K.L.:
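One structure, as structure tokens, below. Some questions next.
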Amino acid sequence: MRKELEKQYDPKRVEDRIYQSWLDGNYFHAANDPQKTPYTIVIPPPNITGQLHMGHALDNTLQDIIIRWRRMQGYDALWLPGTDHASIATEARIAATLRAEGTSKNELGRERYLERAWQWKEQYGGRIVEQLKKLGSSCDWERERFTLDEGCSKAVTEVFTRLYDKGLIYRGERIINWCPSCLTSISDAEVEYEDQAGHLWHLRYPLKDGTGHLDLATTRPETLLGDTAVAVNPGDERYKDMVGKTVILPLVGREIPVVADDYVDMEFGTGAVKITPAHDPNDFEVGLRHNLPVVCAMTDDAKINGDYPKYAGMDRYAARREIVKDLEAEGALIKVEDHAHNVGTCSRCKTTVEPKVSVQWFVKMEPLAGPAIDAVKNGETRFVPQRFEKIYFNWLESIRDWCISRQLWWGHRIPAWYCDGCGAINVAKETPESCRECGCADLTQDPDTLDTWFSSALWPFSTLGWPDDTDDLRHFYPTNTLVTGYDIIFFWVVRMMFSGVEHMGKAPFDTVLIHGLVRDAQGRKMSKSLGNGIDPLEIVDKYGADALRFTLATGNSPGNDMRFSDEKVEASRNFANKLWNAARFILMNLGENEPAPRVPTGLSTADKWILSRYNTLAAEATENLERFELGIAVQKLYEFIWDVFCDWYIELAKISIQQGGDAAVTAKGVLVYVLSNTLKLLHPFMPFITEEIWQTLPHEGETVMLSPWPVYDGSLHFAEEEAEMERVMAVVRAVRNRRAEMNVPPSKKAKLYIATAYRETFAAAETMFQKLAGASEIEVGGAFELDSTVSIVTNEAKVYIPMGELIDLETERLRLQKELEKAEKELSAVQGKLNNESFVAKAPEAVVAAQRENAARIEGKIGMLKESIAKL
RNA sequence: GGACGUUUAGCUCAGCUGGUAGAGCAUUCGCUUGACGUGCGAAGGGUCAGCGGUUCAAGUCCGUUAACGUCCACCA
């Protein structure tokens with residue numbers, strides 16, 4: 001006996017040790033070998049504030065499967081890892097820490113604050129990376145990057161200045177989404193809309209000339225403080241005479257005009273709308289068209305500002321209650337209706353976003369969007385599944401300019417300096433000495449930083465060294481596959497696409513593989529607030545990383561959500577254990593110093609059958625991987641290993657091993673060969689257990705993860721033997737089935753008389769029937785005349801078991817009768833087809849031929865069944 | 001308002017380019033079978049959401065309806 005494995009696979013004893021051995025071997029490192037074809041995946045950089053969740057686990061498992069497979073195929077496979085500085089999230093985290101210490105961002109000042117932030121990053125920023133390692137991720141850690149590191153920052157500055165010089169970045173006063181809690185602007189993509197129950201307040205604004213009043217409806221009465229007009233539809237007969245007149249704003253007393261604008265929907269409310277340019281994006285547009293003043297009524301933290309002493313300092317909701325009360329007292333409130341409406345919230349903190357007019361930096365999107373759309377239209381980049389192209393196009397086609405400045409400190413500071421003298425904007429890569437307009441030296445840098453996504457947009461090339469012309473950049477760009485969830489297409493994929501096309505002249509990847517969300521067992525989204533999140537590390541701890549990976553890969557089709565449950569992981573764990581025990585059996589039968597696996601000589605039918613099945617598996621699994629059908633590939637591996645290799649071939653091999661001699665040697669050789677190669681096929685999915693087993697088997701090379709990926713081998717294709725085996729297996733199954741039906745204990749053996757046209761095949765399978773079908777012996781012939789037997793009919797054989805005493809003749813007759821009816825029904829279905837002239841004429845010949853054979857087989861079966869019934 | 005997805009065995013889901021429905025779990029029956037009870041052998045269970053169409057042939061393609069879900073837009 002060579003080596004003894006434990007009876008049960010224990011991932012805890014294996015995983016960390018194996019991972020360390022891979023690191024020690026430097027196996028994850030992509031050499032940048034010009035002789036090899038590169039295959040590149042850049043990781044979607046997790047936030048440094050992040051904790052590994054199921055979404056990460058899925059995303060990274062898929063990437064690791066792909067990169068391990070490509071690496072084994074001989075590509076110069078690079079999986080480039082890194083993390084994102086996550087400006088808002090990190091600031092929130094640090095703010096909380098500072099609050100606990102009784103201090104604040106402003107108290108510390110920018111410099112000391114940033115020191116703290118970096119400290120925080122050093123302390124916690126690597127946590128998620130360590131967690132990724134637990135999954136077995138084969139990232140090239142030597143190339144690990146951070147969006148705020150020197151190189152990435154250089155890329156950011158380069159891009160900013162380039163786009164500014166091209167006129168694609170500008171600074172201007174616009175209405176933007178403002179988060180009153182994060183105290184920063186956010187982009188359109190960062191706003192989440194949710195339905196909320198609210199009210200529609202009907203208000204009455206009196207006309208200045210005393211001739212009447214104008215009624216209007218609003219969901220936000222408190223913004224009345226900032227009203228600078230009332231608008232009606234120009235085609236609205238009701239208000240025709242009002243346009244151009246002046247109304248008096250209740251509570252405030254401001255005189256504001258009535259304007260006509262197409263924006264107003266006559267059907268809604270009263271057909272008149274209050275216009276608050278400072279606090280509503282649509283109103284802002286109306287304001288621009290009519291030259292209305294912009295009156296801001298709120299502070300940055302969404303409180304009423306000092307211009308309105310009565311309400312000053314109240315937050316927007318308190319002010320709303322107060323203002324409604326006052327309006328009512330003044331008689332300006334006509335009625336209140338219930339009204340559900342969509343409210344924009346900050347995707348980071350869920351606070352209701354406040355539209356706000358302010359000076360910000362923007363990227364002009366239209367010139368960038370076009371080429372990015374083209375890159376997908378012309379096939380340079382494709383989405384898997386393809387339907388996500390639509391989402392991509394839709395977003396880019398209706399894109400608005402991207403607000404990129406953030407009122408935060410943790411991030412890339414905007415490389416713009418304002419001249420204290422002439423006010424000119426100086427955008428430069430380095431701090432300028434003097435103003436380029438007036439030459440004076442008093443310059444102040446813009447205090448804002450850039451949207452986190454501005455730097456992640458450059459990730460596929462900034463991480464490879466851009467803007468420098470590096471070897472890595474030349475070799476690994478464009479990358480191959482981007483793996484990410486559909487929830488991040490707008491934030492990230494779109495921005496990487498237009499950035500890559502703009503700055504590199506090439507789209508950043510050829511394939512975008514989109515996966516869905518991992519939901520809980522009830523199909524709910526996993527979330528912190530629901531508390532239904534499942535911690536992947538707990539799963540790893542309990543079942544092993546391989547079981548987790550296997551679960552995530554199985555039954556997961558691109559783009560679709562999946563449910564996660566412990567039962568599924570248990571099934572995966574059981575599979576790992578099954579494989580482990582198969583290996584254990586094989587090792588128990590191997591001697592010392594066995595040579596590396598190769599196909600032995602003197603193959604039996606069973607040997608050829610399993611080799612041929614394995615060979616097909618290798619071809620099919622590869623094809624599935626190429627099509628990104630990882631779930632199908634892994635399903636096939638599961639089925640082959642469990643149902644084909646373990647349940648059949650190992651049982652058959654036991655027979656040969658017991659026989660000893662050459663048969664035993666050959667069978668052992670085949671066992672090792674097939675197992676060893678199957679381990680390779682399974683390795684990308686279950687890297688740890690496959691490595692552990694592979695190492696204990698005779699092998700060539702240091703590690704399974706660098707062993708060559710199995711390819712289809714024509715010399716292992718044995719169609720005839722496959723057919724022969726399947727014939728015998730069908731009969732074995734049928735006999736087992738009958739015995740089970742009749743409750744024959746396994747210990748009760750019986751002779752089998754097998755009538756068949758394939759006499760040699762069955763005669764050679766006697767031991768198989770003895771071991772697997774409860775046969776004492778078999779006799780094979782063309783036909784038998786026997787009394788009092790149980791008979792079993794398959795398409796290719798009729799089996800008699802002399803066990804008449806065990807059964808009731810009448811039950812047997814009924815059973816056979818039932819089978820006969822079934823067969824006749826089948827036959828008539830097939831004959832119906834064959835009698836259909838258009839089927840015979842139009843269906844492919846092979847299909848027709850198959851049906852003819854089918855008919856012949858069923859006819860044979862019917863004949864045998866009739867004979868059996870007659871005998872009873 | 002627009003777009004998309006899902007609907008297949010009791011549950012969770014596969015089913016690629018159309019050729020007589022599959023898996024895991026659950027259920028039932030039988031097994032100290034020399035790798036594994038995290039196992040072995042077997043069984044039951046589906047008019048593939050409804051309707052219409054294309055085709056010799058439809059779970060698979062087209063149209064339509066319904067339920068559920070998601071995204072986008074948004075009228076105060």
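Reminder, nothing fancy here: chain letters follow the sequence lines and each chain counts from 1. Note that the structure is a prediction, hence the values are computed from the model and not measured.
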K.L.:
For a quick check of understanding: with a heavy-atom distance under 4.0 Å over all strands, which category does Arg387(A) fall into, base, sugar-phosphate or nothing?
P.N.:
sugar-phosphate
K.L.:
Can you find an N or O donor on one side and an acceptor on the other, under 3.5 Å apart, linking the side chain of Arg563(A) with the base of rU12(B)?
P.N.:
no
K.L.:
Is rC29(B) paired to anything, Watson-Crick or G-U wobble with both distances less than 3.5 Å, and if yes, which nucleotide?
P.N.:
rG41(B)
K.L.:
Base, sugar-phosphate alone, or nothing: which one does Pro844(A) contact when heavy atoms must sit under 4.0 Å apart?
P.N.:
base
K.L.:
rA14(B) phosphate, OP1 or OP2: any side-chain N/O from Ser557(A) under 4.0 angstrom?
P.N.:
yes
K.L.:
Please tell me whether His202(A) and Glu337(A) have a donor and an acceptor in their side chains that are separated by less than 3.5 angstrom.
P.N.:
yes
K.L.:
Do Thr551(A) and Ser572(A) have side-chain atoms, one donor and one acceptor, less than 3.5 Å apart?
P.N.:
yes
K.L.:
For rG34(B) and Lys654(A) - does any side-chain N or O of the residue sit under 4.0 Å from the phosphate oxygens OP1/OP2?
P.N.:
no
K.L.:
Would you kindly check whether a donor in the side chain of Asn854(A) faces an acceptor in the base of rU20(B), or vice versa, at under 3.5 angstrom?
P.N.:
yes
K.L.:
Any base atoms under 4.0 Å from Val264(A), or only sugar-phosphate, or nothing? Heavy atoms, all strands.
P.N.:
base
K.L.:
Between Glu222(A) and Arg316(A), does at least one N-O distance fall below 4.0 Å, as a salt bridge requires?
P.N.:
no
K.L.:
Please state whether the phosphate of rC4(B), meaning OP1 or OP2, lies under 4.0 angstrom from any side-chain nitrogen or oxygen of Lys390(A).
P.N.:
yes
K.L.:
Just to confirm, is there a sub-4.0 Å distance from OP1 or OP2 of rA42(B) to any side-chain nitrogen or oxygen of Arg736(A)?
P.N.:
yes
K.L.:
Leu630(A) CG to rA14(B) P: how many Å, rounded?
P.N.:
14 Å
K.L.:
Is the phosphate of rA76(B), meaning OP1 or OP2, less than 4.0 Å from a side-chain N or O of His339(A)?
P.N.:
yes
K.L.:
Should Trp395(A) be listed as having a side-chain N or O under 4.0 Å from OP1 or OP2 of rC4(B)?
P.N.:
no
K.L.:
Below 3.5 Å, does any donor atom in the side chain of Gln8(A) face an acceptor in the base of rA35(B), or the other way round?
P.N.:
no
K.L.:
Check the phosphate of rG39(B) against Asn574(A), side-chain N and O only, distance under 4.0 Å to OP1 or OP2. Yes or no?
P.N.:
yes
K.L.:
So Asn560(A), base contact, sugar-phosphate only, or nothing? Heavy-atom distance under 4.0 Å.
P.N.:
sugar-phosphate
K.L.:
Of all the nucleotides listed (rA76(B), rA73(B), rG24(B)), which has the minimum atom distance to the side chain of Tyr263(A)?
P.N.:
rA76(B)
K.L.:
Determine whether the side chains of Lys668(A) and Ser656(A) contain a donor N or O and an acceptor N or O closer than 3.5 Å.
P.N.:
no
K.L.:
Under 3.5 Å, is there a donor-acceptor pair between the Asp215(A) and Tyr205(A) side chains?
P.N.:
no
K.L.:
Could you let me know what rC4(B) is paired to, Watson-Crick or G-U wobble, both distances under 3.5 Å, or none if it's on its own?
P.N.:
rG69(B)
K.L.:
Could you please name the partner base of rU17(B), counting Watson-Crick and G-U wobble pairs only when both distances are under 3.5 Å?
P.N.:
none
